[in-house]
A.B. asks: 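Mind looking over this structure? Questions follow.
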Amino acid sequence: MKALVLFSGGVDSTTCLALAIEKYGADEVLALSVSYGQKHTKEIEAAQKLAKHYGVRLMTLDLSTIFEGSDCSLLQGSDVEIPKESYADQLAQTDGSPVSTYVPFRNGLFLSTAASIALSHGCSEIYYGAHSDDAAGSAYPDCSAQFNESINRAIYLGSGNQLSVKAPFIGMSKAQVVAEGLRLGVPYELTWSCYEGGEKPCGVCGTCRDRAAAFEANGVIDPAL
């Protein structure tokens, strides 16, 4: 295979998957979905539906025990309520520290794990969907351009120059990611972004707000609503 895509079943990772498929074809792309102890299974279910839609192989991995000591509000073991404000409002309360939905060093862990899997399957590239809106204000520091440059360098060196990390949206806003996905014909109605696990997206958590704004900026209604 040519590329491994870190795949959550959300807007960004699905657009990333579509981009990798456009470049290499579905037969040359491996999708990796990680369970990290989320309070719901909506992400995993979305990833399964989307993998079937695209005809790509989907691997699943359970890393939930690693985060058992965390009080991140997204995780099952936490009694912290998931914030209902925008990321900007949340950062105003954290004094610049990561928001409560930041899973400790998640992208670092996922990319390192993905590197081992990618090398085992002959992949030369790892794709992930980090974009500039997630990195803004250090809400999610492991989505920043600086982090991406560093982890790419580490994985490239640690793999004996066999494997590189691709973050095609690292300098883009979420609205620009959606624009790219619309060009690629991404079935956004199958994706799931909401931090809550209800029947429908809550519409008020940070990621729901960002998602709605991204679709609105492109003059379309979010098909998942």
Side-chain angles (χ1 to χ4, degrees), residues 3 5-26 29-36 38-60 74 82-90 99 101 110 127-136 139-140 143 166-225:
V5 180
L6 278 177
F7 187 49
S8 72
V11 164
D12 311 319
S13 68
T14 305
T15 309
C16 210
L17 179 67
L19 201 63
I21 291 171
E22 181 184 53
K23 181 176 181 180
Y24 291 119
V29 175
L30 174 63
L32 175 63
S33 180
V34 182
S35 174
Y36 53 92
Q38 304 98 309
K39 289 179 176 177
H40 61 77
T41 60
K42 291 284 191 174
E43 292 178 2
I44 303 297
E45 293 167 6
Q48 292 169 343
K49 292 175 185 176
L50 286 155
K52 183 177 181 180
H53 169 85
Y54 279 111
V56 296
R57 180 183 174 189
L58 176 67
M59 287 186 65
T60 57
L74 295 188
I82 293 172
K84 300 300 189 290
E85 301 88 17
S86 68
Y87 290 127
D89 288 342
Q90 292 176 51
V99 295
T101 50
F110 287 8
Y127 280 71
Y128 76 121
H131 58 81
S132 62
D133 287 353
D134 276 346
Y140 297 105
C143 289
K166 304 294 183 183
F169 312 139
I170 201 74
M172 296 168 61
S173 67
K174 197 176 191 77
Q176 290 172 313
V177 174
V178 168
E180 180 69 351
L182 293 172
R183 179 189 71 81
L184 291 162
V186 172
Y188 284 127
E189 68 276 7
L190 299 180
T191 63
W192 185 269
S193 301
C194 181
Y195 288 147
E196 302 285 358
E199 191 67 28
K200 294 183 178 181
C202 72
V204 292
C205 68
T207 190
C208 274
R209 291 174 184 272
D210 270 16
R211 176 175 174 141
F215 278 98
E216 184 178 353
N218 282 281
V220 297
I221 298 174
D222 184 350
L225 296 178

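FYI, side chains are in, hydrogens and waters are out, and symmetry mates aren't considered; it's all heavy atoms of this structure. FYI, the numbering just counts along the sequence from 1.
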A.B. asks: Find the distance between CG (Asn218) and CD (Gln176) and round it off to the nearest 0.5 Å.
C.D. replies: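 Asn218 CG to Gln176 CD: 9.0 Å, rounded to 0.5 Å.
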A.B. asks: If you take all heavy atoms of Val56 and Ala31, which pair is closest and at what distance?
C.D. replies: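 In this case the closest contact between Val56 and Ala31 is CG2-CB, 4.3 Å.
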A.B. asks: Give, for atom CD of Gln90 and atom NZ of Lys84, the distance between the pair rounded to the nearest 0.5 Å.
C.D. replies: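 One gets 10.0 Å once the value is rounded to the nearest 0.5 Å.
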A.B. asks: Within the side chain of Asp133, is there an N or O that forms a donor-acceptor pair under 3.5 Å with the backbone of Lys174?
C.D. replies: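 Yes, Asp133 side chain to Lys174 backbone: donor-acceptor pair under 3.5 Å.
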A.B. asks: Checking the side chain of Thr41 only, and the main-chain atoms of Ile44 only, is there a donor and an acceptor separated by less than 3.5 Å?
C.D. replies: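 It does not hold such a pair.
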A.B. asks: Just checking, any donor-acceptor pair under 3.5 angstrom between side chains of Ser8 and Ser13?
C.D. replies: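 Per modelled atom types, Ser8 and Ser13 side chains form a pair under 3.5 Å.
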A.B. asks: For Lys39, does the NZ atom have more than 12 heavy-atom neighbours from other residues, nucleotides or ligands under 6.0 Å away?
C.D. replies: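 Atom NZ in Lys39 is crowded, with more than 12 foreign heavy atoms closer than 6.0 Å.
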A.B. asks: Could you tell me which non-hydrogen atom of Cys16 sits nearest to which non-hydrogen atom of Tyr127, and how far apart they are?
C.D. replies: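 Taking every non-hydrogen atom into account, SG-CB, 3.7 Å.
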A.B. asks: Quick one: sort the Phe110 and Tyr36 rings into parallel, tilted or perpendicular, breaks at 30° and 60°.
C.D. replies: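 Tilted: the ring planes of Phe110 and Tyr36 meet at 30° to 60°.
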A.B. asks: If you take all heavy atoms of Thr101 and Pro83, which pair is closest and at what distance?
C.D. replies: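 Of all heavy-atom pairs spanning Thr101 and Pro83, the closest is CG2-CD, 4.0 Å.
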A.B. asks: For residues Cys202 and Tyr195, determine if any side-chain heavy atom of one lies less than 4.5 Å from a side-chain heavy atom of the other.
C.D. replies: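 With C-beta onward as the side chain, the pair stays apart.
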A.B. asks: If I compare all heavy atoms of Pro201 with all of Cys208, which pair ends up nearest, and what's the gap?
C.D. replies: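 For Pro201 versus Cys208, the nearest heavy atoms are CB-SG, 3.9 Å.
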A.B. asks: Looking at OG1 of Thr60 and CZ of Phe7, how far apart are the two atoms once the value is rounded to the nearest 0.5 Å?
C.D. replies: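 With rounding to 0.5 Å, OG1 (Thr60) is 12.5 Å from CZ (Phe7).
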A.B. asks: Would you say that Leu32 contacts Met59 through its side chain, given a criterion of any heavy-atom pair below 4.5 Å between the two side chains?
C.D. replies: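 Yes; the side chains approach each other to less than 4.5 Å.
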A.B. asks: Should Leu182 and Tyr188 count as side-chain neighbours, where that means a heavy-atom distance under 4.5 Å?
C.D. replies: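 The answer is yes, as the side chains (C-beta and beyond) meet within the 4.5 Å cut-off.
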A.B. asks: Kindly compute the distance separating CZ (Arg209) from CD (Glu85), expressed to the nearest 0.5 Å.
C.D. replies: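 Between Arg209 CZ and Glu85 CD, I get 7.0 Å after rounding to 0.5 Å.
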A.B. asks: On a heavy-atom basis, which atom in Leu190 and which in Ala46 lie closest, and how many Å separate them?
C.D. replies: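 Heavy atoms only, the tightest pair is O-CB, 3.5 Å.
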A.B. asks: Any idea which heavy atoms bring His131 and Met172 closest together, and the distance?
C.D. replies: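 Looks like CB-O, 3.3 Å.
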A.B. asks: Could you work out, with side chain to side chain contact (heavy atoms under 4.5 Å, CB included) as the rule, every residue matching Leu184, not counting sequence neighbours?
C.D. replies: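 Only Thr15, Ala18, Leu19, Glu22, Glu180, Val186 meet the side chain to side chain contact (heavy atoms under 4.5 Å, CB included) criterion with Leu184.
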A.B. asks: Measuring only between side-chain heavy atoms, which start at C-beta, is Asp12 closer than 4.5 Å to Asp134?
C.D. replies: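 Side-chain contact under 4.5 Å: yes.
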A.B. asks: With rounding to the nearest 0.5 Å, note down the distance linking CH2 in Trp192 to OG1 in Thr207.
C.D. replies: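 Output value for this atom pair is 11.0 Å.
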A.B. asks: How many angstroms lie between atom NZ of Lys49 and atom NE2 of His53, to the nearest 0.5 angstrom?
C.D. replies: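 The distance works out to 13.5 Å.
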